[in-house]
There are 2 protein chains.
Amino acid sequence: MLTATPTDRVWRALADPTRRSLLDVLARRPHTTAELVERFPDLCRTGVMKHLDVLEEAGLLMVRREGRVRWNRMNAMPIQRIYDRWVSKHVRGMASAASRFKEHVESSHKPKTRRKGRDR
Amino acid sequence: MLTATPTDRVWRALADPTRRSLLDVLARRPHTTAELVERFPDLCRTGVMKHLDVLEEAGLLMVRREGRVRWNRMNAMPIQRIYDRWVSKHVRGMASAASRFKEHVESSHKPKTRRKGRDR
DNA sequence: GCAACATGTCACTATCTGGTGACATGTTGA
DNA sequence: TCAACATGTCACCAGATAGTGACATGTTGC
């Protein structure tokens with residue numbers, strides 16, 4: 001992927017379940033790399049670091065070095081961005097499609113005992 | 001990825017910009033495969049079909065065959081699902097005020113230096 | 001029937017991805 | 001000082017991914 005846009009890097013970063021898991025952990029509080037490695041026993045340290053690199057490239061992770069430790073902190077802004085720019089319109093679209101469908105069903109069914117209004 | 005969960009298939013399907021683009025087109029109305037191929041001149045037909053396969057596997061695409069044509073219709077439900085199950089919690093509790101303020105400023109400001117390309 | 005058409009499927013390729021181990025470097029504290 | 005520690009970096013590997021062209025199959029309309 002030679003020409004990845006910032007948005008694209010976010011989507012790709014989120015595509016991996018391990019990375020989403022890492023973000024779940026980091027959402028609670030910042031962790032050092034060693035702490036994260038300890039929390040993901042299925043991966044070797046190098047593997048964890050690679051995931052962290054991807055997250056950092058996507059802007060989802062902020063790194064601060066402090067002596068010999070490295071603090072990894074989550075940044076949720078890019079998630080907000082993909083929501084605002086893409087997810088939201090398809091979620092809203094669905095809501096309206098669903099309500100159209102509901103209306104369609106209700107109007108074609110013509111329940112005799114029930115008025116068309118929202119009586120629920 | 002031998003053990004991909006349904007949710008994971010959705011994330012992976014959305015990771016590719018071409019597929020998100022396909023969904024944008026399909027969100028307006030269903031298209032036949034030939035129509036889609038025509039709309040994506042950079043890809044050969046086989047390439048388009050592969051993307052459609054991935055989308056279908058993820059449940060984002062519903063296919064109906066009608067004679068010799070195949071109608072591809074979008075299903076946004078899986079997007080709603082990943083929003084409900086993951087995106088929402090990371091978007092909520094983010095400085096929503098801050099990002100909305102930023103958006104507000106940007107949209108009312110009309111930046112003089114045009115941003116590089118709409119990056120979907 | 002049959003030609004044009006839309007789709008399905010297969011084999012193949014280059015590159016990306018997620019993972020590993022080995023080794024190097026900088027930091028801490030006794 | 002120096003050993004333990006946390007991180008950085010490199011080379012390497014297997015499998016997934018995104019793309020292609022060639023060919024097969026089913027449909028349509030004249």
Side-chain angles (χ1 to χ4, degrees), chain A residues 1-26 29-58 60-73, chain B residues 1-23 25-26 29-58 60-73 120:
Chain A
M1 192 59 42
L2 293 185
T3 57
T5 66
T7 296
D8 208 49
R9 276 193 282 272
V10 177
W11 278 107
R12 294 210 179 262
L14 296 181
D16 187 274
T18 301
R19 283 192 291 265
R20 290 197 301 279
S21 221
L22 277 164
L23 289 179
D24 285 336
V25 169
L26 291 172
R29 63 168 182 81
H31 285 66
T32 69
T33 306
E35 284 175 334
L36 290 174
V37 170
E38 200 172 1
R39 267 176 168 269
F40 288 78
D42 292 351
L43 271 69
C44 70
R45 185 181 58 90
T46 317
V48 171
M49 288 204 59
K50 275 197 174 185
H51 283 304
L52 294 179
D53 285 347
V54 174
L55 291 172
E56 192 180 8
E57 277 297 301
L60 288 159
L61 183 75
M62 309 303 267
V63 173
R64 201 188 74 225
R65 257 152 281 249
E66 191 178 280
R68 74 180 151 178
V69 310
R70 148 179 163 158
W71 285 99
N72 304 278
R73 179 170 59 80
Chain B
M1 192 57 44
L2 292 186
T3 58
T5 66
T7 295
D8 209 49
R9 277 193 282 272
V10 177
W11 278 108
R12 294 208 179 264
L14 296 181
D16 187 274
T18 301
R19 283 193 288 268
R20 290 196 302 278
S21 219
L22 277 164
L23 289 179
V25 169
L26 291 171
R29 63 168 181 82
H31 285 65
T32 69
T33 305
E35 285 175 333
L36 290 174
V37 171
E38 201 171 359
R39 268 175 167 272
F40 289 78
D42 292 350
L43 269 71
C44 71
R45 185 181 58 90
T46 316
V48 171
M49 288 204 56
K50 276 199 175 182
H51 283 303
L52 294 179
D53 285 348
V54 174
L55 290 171
E56 193 180 7
E57 277 297 302
L60 289 158
L61 183 74
M62 309 303 267
V63 172
R64 201 188 73 225
R65 257 153 281 249
E66 189 179 279
R68 73 178 151 181
V69 309
R70 147 178 163 157
W71 285 99
N72 304 279
R73 179 170 59 80
R120 43 178 118 85

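Numbers restart at 1 for each chain; the letters A, B, ... are given by sequence-line order, proteins then strands.
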Distance only, no hydrogens: is a donor on one side chain within 3.5 Å (strictly under) of an acceptor on the other, for A:Asn72 and A:Thr33?
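Yes.
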Nearest-Å distance for atom pair [atom1]/[atom2], residues [X] and [N]:
| X | N | atom1 | atom2 | result |
| --- | --- | --- | --- | --- |
| B:Asp53 | D:dA16 | CG | P | 17 Å |
| B:Met49 | C:dC10 | CE | P | 12 Å |
| B:Arg70 | D:dG26 | CZ | P | 17 Å |
| A:Leu36 | D:dT7 | CG | P | 9 Å |
| A:Glu57 | C:dT17 | CD | C1' | 15 Å |
| B:Glu56 | C:dG8 | CD | C1' | 13 Å |
| A:Lys50 | D:dC12 | NZ | C1' | 9 Å |
| A:His51 | C:dT20 | NE2 | C1' | 12 Å |

Give a yes or no on whether a salt bridge exists between B:Asp8 and B:Arg12, defined as a side-chain N under 4.0 angstrom from a carboxylate O.
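Here B:Asp8 pairs with B:Arg12 in a salt bridge, since their nearest N and O are under 4.0 Å apart.
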I'd like to know if B:Arg70 pairs up with B:Glu35 as an ion pair, taking the criterion as any Lys NZ or Arg NE/NH1/NH2 lying under 4.0 Å from an Asp or Glu carboxylate oxygen.
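No, no charged N to carboxylate O under 4.0 Å.
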[options]: which one has an atom nearest the side-chain heavy atoms of [X]?
| X | options | result |
| --- | --- | --- |
| B:Arg65 | D:dC10, D:dG19, C:dG8 | C:dG8 |
| B:Thr18 | D:dG19, D:dA18, C:dG8 | D:dG19 |
| B:Arg68 | C:dG26, D:dT7, C:dA4 | C:dA4 |
| B:Cys44 | C:dA6, D:dT7, D:dT20 | D:dT20 |

Pick the nucleotide of DNA chain D nearest each of B:Glu66 and B:Leu43; which residue has the one closer to the 5' end?
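Nearest-nucleotide comparison on DNA chain D picks B:Leu43.
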State whether the number of non-hydrogen atoms from other residues, nucleotides or ligands found under 6.0 Å of A:Glu56 atom CD is greater than 12.
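Yes, because the 6.0 Å sphere around CD of A:Glu56 holds more than 12 heavy atoms from other groups.
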For C:dA6, does either OP1 or OP2 sit under 4.0 Å from a side-chain N or O belonging to B:Thr33?
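So the side-chain polar atoms of B:Thr33 never come under 4.0 Å of the phosphate oxygens OP1 or OP2 of C:dA6.
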By the 4.0 Å heavy-atom rule, please label [X] as base, sugar-phosphate, or nothing.
| X | value |
| --- | --- |
| B:Asp42 | sugar-phosphate |
| B:Gly47 | base |
| B:Thr46 | base |

Residue met sooner reading DNA chain C from 5', once A:Gly67 and A:Val54 are mapped to nucleotides
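Comparing both residues, the 5'-ward one is A:Val54.
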Between the main-chain N or O of B:Ala13 and the side-chain N or O of B:Arg19, is there a donor-acceptor pair closer than 3.5 Å?
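At least one qualifying donor-acceptor pair exists.
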Under 3.5 Å donor-acceptor pair, A:Arg45 side-chain atoms to D:dG8 base atoms
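Yes, the side chain and the base share a sub-3.5 Å donor-acceptor pair.
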